[in-house]
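This is the structure, below, for whatever I ask next.
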2 protein chains.
Amino acid sequence: MASTFAVLADRSRREILDLLRERERPVGDLVEKLTLTQPTVSKHLKVLREAGLVEVRTDAQRRWYRLSPGPLAEVDAWLAPYRRMWEKSLDALERRLDEIEGD
Amino acid sequence: MASTFAVLADRSRREILDLLRERERPVGDLVEKLTLTQPTVSKHLKVLREAGLVEVRTDAQRRWYRLSPGPLAEVDAWLAPYRRMWEKSLDALERRLDEIEGD
DNA sequence: CGCTTATATGCCGATCGAGCTATATTGCCG
DNA sequence: CGGCAATATAGCTCGATCGGCATATAAGCG
């Protein structure tokens, strides 16, 4: 998981993931949506591939990319022990709102 | 949330968060645990502060740092729409295991 | 006030990463 | 085979960032 955060730190890559969440797409499709050149998009896709966040399927000259959410599950797992902390904060917030409401 | 991933991309900062998850700590305490110099740790704390991931409390010369999990909740929210995807993958994995078991 | 403790800030060197342009690769089609 | 379409790779530049050392700031103590 070490580097998954670094991969996700880039806005363009997060946008790519968001697009792939809808459906599998060829590179040209992504280039069209993002305001980046084709080589730049290809480079991001390489990073995402090596991080295991996407997978490719070849269809003639086209490469169809799709999401591979495994590493995201690891991020989710890293987050898990923190989850109870903000849940606690939210609980406190709720209690305060209840108090105000009670006035 | 934009930069929260960038902040989390650094291993040292994640270690600091992990330490603060246990309890509030002064800077010197963190320096002791990490293999970093005091100025470097202070710099990471500044980044974490500006990202809203930690808060400080002053006690004489000591500064006690504690976790402030708000931005992590935002990361969790970003992750949410992806969650069903790996849950689906896990389901598929389970079904396959069931098949093998069924042999 | 001078000394010590605790932390922050300034500055530097080295490295990394994002984006670009140009070019290579791969596969289709006539 | 020649040419077009789709994607990947190479090489470059610029700006950001990590880490360290030296130094500044702040607070307590005698």
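The chains referred to below are lettered A, B, ... by the order of the sequence lines, with proteins before strands, and numbering in each begins at 1. Note that the coordinates shown come from a computational prediction; the quantities given were computed from them, not determined experimentally.
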Protein heavy-atom contacts under 4.0 Å, written 5' to 3' over nucleotides 13-24 of chain C as B (base), S (sugar-phosphate only) or - (none), form the string -----SBBBB--

query = Rounded to the nearest Å, what distance is computed from the CH2 atom of residue A:W64 to the P atom of nucleotide C:dG27?
reply =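 Between P of C:dG27 and CH2 of A:W64: 18 Å.
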
note: B:E32, atom CD; C:dT7, atom P; distance rounded to Å ~ 11 Å

Any side-chain to backbone donor/acceptor pair from A:Y65 onto A:I16? Under 3.5 Å, distance only. no

**Asked** Taking 4.0 angstrom as the limit, do A:R83 and A:E87 come out as a salt bridge?
**Response**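 No, this pair does not count.
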
B:R14 atom CZ is separated from D:dC18 atom P, nearest whole Å, by 12 Å

Show, in sequence, the C-alpha distance, side-chain angles and deciding distance for A:V56 and A:L45, and conclude whether the side chain to side chain contact (heavy atoms under 4.5 Å, CB included) test is met. CA-CA 9 Å; A:V56 209; A:L45 287 170; over 6 Å; no

With sugar-phosphate taken as primed atoms, P, OP1 and OP2 and all else as base, the protein-contact string of nucleotides 25-30 of chain D at under 4.0 Å (heavy atoms; B, S, -) is --BS--

To the nearest angstrom, the NZ-P distance between B:K46 and D:dC18 comes to 13 Å

_Residues A:R49, A:E55: salt bridge by 4.0 Å N-O rule_ =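 The answer is no: the pair does not qualify as a salt bridge.
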
field: Separation of D:dC18 P from B:L34 CG (nearest whole Å)
entry: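 Rounded to whole Å, this separation is 14 Å.
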
(request) Calculate the interatomic distance between B:L8 atom CG and D:dC18 atom C1'; express it in whole Å. (result)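 Between C1' of D:dC18 and CG of B:L8: 16 Å.
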
Could you tell me how the ring of A:W78 sits relative to the ring of A:F5: parallel (under 30°), tilted (30 to 60°) or perpendicular (over 60°)? perpendicular

Could you check whether any side-chain N or O of B:S68 sits under 3.5 Å from a backbone N or O of B:L53, counting only pairs where one atom can act as donor and the other as acceptor?
no

Q.
Could you tell me how far apart B:L45 (CG) and C:dT9 (P) are, to the nearest whole angstrom?
A.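 That distance rounds to 11 Å.
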
Looking only at heavy atoms, the pair that brings A:V54 and A:L20 closest together is CG1-CD1, 3.7 Å

Next on the checklist: So that I can tick it off, tell me whether B:D59 and B:R62 are bridged by a salt bridge, with the cut-off set at under 4.0 angstrom between side-chain N and carboxylate O.
Outcome noted: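 Salt bridge flag = no for B:D59 with B:R62.
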
What heavy-atom pair brings B:V7 and B:R13 nearest, and what distance separates the two atoms?
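That closest heavy-atom pairing would be O-NE, 2.8 Å.
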
On the nucleotide D:dA6, are OP1 or OP2 found under 4.0 Å from the side-chain N or O atoms that A:Y65 carries?
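Negative; the distance criterion is not met.
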
